[in-house]
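Read through the structure below, which is laid out as structure tokens, and then see the notes.
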Amino acid sequence: MAKLRSWTQIWRSIVGMCILNFVLYFKIVTLADDTGSNSIVSEGDCKNTNYQIFLPPPYQNISSTICKPVWHSYELRYTKTGDTTTIILSAPYTVGWVGIGFSRDGMMAGSSAMVGWVNKHGHAKVKQFYLRGRRQSEVIVDKGELPLNNVPAAVATNGAEIYVAFQLQATTPFGKQPILLAFSTKRPLNHHLSKHEDKTAVIFDFSSGSTGPVSNWLIQIRKSHGIVGVLGWGLILPVGAIIARYFRHKDPLWFYLHSVIQFVGFAFGLATVLLGLQLYRSVHVHIPAHRGIGIFVLVLSILQILAFFLRPDKDSKFRNIWNLYHSWFGRMALFFAALNIVLGMRAAGAGNDWKISYGFLVSIILVAVIVLEVLAYLKRSQKRSLPHTFQMDPVGEATFPTNLAKGTCPFPLFHTTSSFY
């Protein structure tokens, strides 16, 4: 019992140090975010253009807008009335298309864009596109996640500039939003966009009108969120569960390995959640399913940690109930964690390298579980098929002869004709 208490105290110290470490890391990243956002703010004045004379209603009826230069000669005007946000993008134009995309993390994959152009017959066109991937076949017309209202979007040219205007209907106010800007000098063919000639990504603050580039730390946090999540919930925690199920014959080594590995996996899972919260705080990434399942898995992980410290003795009448609780809650956590990793990759528009790597990892774990499960089943079957071994009578219940002839032995070890006595 003294040894068990000492191990319990050690694990409590480890958990406390891990939580403190990641909380401090979270605060440091937060301070870096605040400092970086203050240093990249740039402001300027737009050209004095009366766009109301060439844009159709209701855009020509907008009396006041906030306007900011965002890239080269690109200017972004916006105004908010109730739940409606009106956005007007102006850009240099000769021929081809001009687009503005709304991204969760400053990346093209997984974003939605409004694209405007003038076809060869002189007709203005504007469409929403869903940028599912980088290939042309993954740019889908009339699809996307932008909350457009019933007012049709509009495109108009004025001199050497093109204007793309549309309205978004959202109850949640726009804050810092990564936007993508791109153009091509070739017209879309049958609504298939040609490859852009140039592009950029900026963070536009719709609450203040300030702009700034999508910094490398934001992209790095996004990658770290995915990598740490896959390592923690996709690799470390499943390995710890495998040890607990298939290596109990290595007692007490299996228990120490299981405990250490699961605590390390919990630390990785906690870091994943903190990085996800930092992403949400920075760019207001709205992925309710991924976020909700992540919090649910974290709660299950915390309950598993508490179960370690509150487990009853082996001879307790509650031990069987605790075993069922611990094993099934662990299985639930691993299942929903794997599901959430897939949802996260889909929401982030992860490339094939991410999908192939995680699929390979899951395949290895599944093959290992199947092989170990078959070996465990064969071992159990072999034990059931063995004959019952001879059981000696307990000490004190055997009947010993009381009258032995002199020179005889009650336990003849060697069956010979001669006597050793």
Side-chain angles (χ1 to χ4, degrees), residues 1-19 230-271 297-338 361-397:
M1 291 299 294
K3 184 177 181 180
L4 184 60
R5 290 193 189 97
S6 63
W7 274 102
T8 302
Q9 293 174 355
I10 292 174
W11 295 132
R12 287 176 179 172
S13 301
I14 293 175
V15 173
M17 292 177 63
C18 290
I19 294 176
V230 170
L231 289 178
W233 280 330
L235 176 61
I236 299 176
L237 290 174
V239 169
I242 289 173
I243 290 176
R245 177 169 177 81
Y246 300 108
F247 294 92
R248 285 180 176 267
H249 57 283
K250 302 291 185 180
D251 194 41
L253 178 62
W254 76 267
F255 174 76
Y256 297 136
L257 287 177
H258 174 69
S259 301
V260 171
I261 292 174
Q262 298 308 82
F263 274 114
V264 173
F266 172 75
F268 272 73
L270 181 61
V297 172
L298 177 65
V299 171
L300 291 178
S301 302
I302 293 174
L303 291 177
Q304 291 292 81
I305 296 296
L306 294 177
F308 172 80
F309 296 105
L310 300 177
R311 68 189 185 282
D313 296 332
K314 291 183 178 181
D315 55 352
S316 174
K317 61 181 180 180
F318 300 105
R319 184 66 181 220
N320 290 333
I321 299 176
W322 182 91
N323 288 336
L324 290 173
Y325 153 79
H326 185 61
S327 60
W328 283 105
F329 270 53
R331 293 186 179 100
M332 286 175 56
L334 292 178
F335 171 78
F336 282 103
L361 176 62
V362 172
S363 301
I364 291 178
I365 292 176
L366 289 178
V367 170
V369 169
I370 293 172
V371 171
L372 291 172
E373 190 68 31
V374 170
L375 293 176
Y377 174 78
L378 294 176
K379 188 175 182 180
R380 290 193 298 268
S381 300
Q382 184 180 9
K383 286 183 178 180
R384 286 194 295 266
S385 63
L386 290 176
H388 294 290
T389 56
F390 176 75
Q391 300 293 330
M392 296 183 63
D393 291 330
V395 177
E397 296 183 2

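Any value given below was found using the heavy atoms of this structure, including those in side chains, with hydrogens, waters and symmetry copies removed.
Taking each heavy atom of A337 and V297 in turn, the nearest pair found is N-CG2, 3.7 Å. In terms of heavy-atom proximity, I243 sits nearest to H258 at CG2-N, 4.4 Å.
Here CD1 of I370 is found 12.0 Å from CD1 of I365. Values are rounded to the nearest 0.5 Å. Separating the CH2 atom in W322 from the CG atom in L324 is a distance of 11.0 Å, to the nearest 0.5 Å. The line from CG of L310 to CD1 of I305 is 11.5 Å long, rounded to the nearest 0.5 Å. Note that the CD atom of Q262 and the CG atom of L257 stand 11.0 Å from one another [nearest 0.5 Å]. One finds the CZ atom of F255 at 4.5 Å from the CZ atom of F308 (value rounded to the nearest 0.5 Å). I242 CD1 to L372 CG: the interatomic distance, rounded to the nearest 0.5 Å, is 6.5 Å.
Residues passing the side-chain contact (heavy atoms from CB on, under 4.5 Å) test with S327, sequence neighbours excluded: R331. Every side-chain contact (heavy atoms from CB on, under 4.5 Å) that A376 has, sequence neighbours left out, goes to Y246, R380. Partners of F329 according to the ring pair (Phe, Tyr, Trp, His ring centres under 6.0 Å) rule, which considers only residues two or more places apart in sequence or in another chain, are Y325. Annotation: side-chain contact (heavy atoms from CB on, under 4.5 Å) contacts of I364 (sequence neighbours excluded): F360. In terms of the side-chain contact (heavy atoms from CB on, under 4.5 Å) criterion, residue partners of A338 (sequence neighbours excluded) are, by chain and number, Y358. Partners of W254 under the ring pair (Phe, Tyr, Trp, His ring centres under 6.0 Å) rule, at least two apart in sequence or in another chain, do not exist in this structure.
Sorted by first and then second residue, the salt bridge (charged side-chain N to carboxylate O under 4.0 Å, His left out) pairs with a member in residues 236-245 read R245-E373; sequence neighbours excluded. Pairs passing the salt bridge (charged side-chain N to carboxylate O under 4.0 Å, His left out) check and including a residue from residues 252-263, sequence neighbours excluded, do not occur. Under the salt bridge (charged side-chain N to carboxylate O under 4.0 Å, His left out) criterion, no residue pair touches residues 246-258, with sequence neighbours excluded.
In this pair, F309 and F263 present their aromatic rings tilted. The plane angle is within the 30 to 60° band.
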Extract all donor-acceptor atom pairs below 3.5 Å that involve side chains of residues 230-238 and protein atoms in other chains or at least two apart in sequence.
none

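Counting heavy atoms from C-beta on, the side chains of Q304 and L300 never come closer than 4.5 Å.
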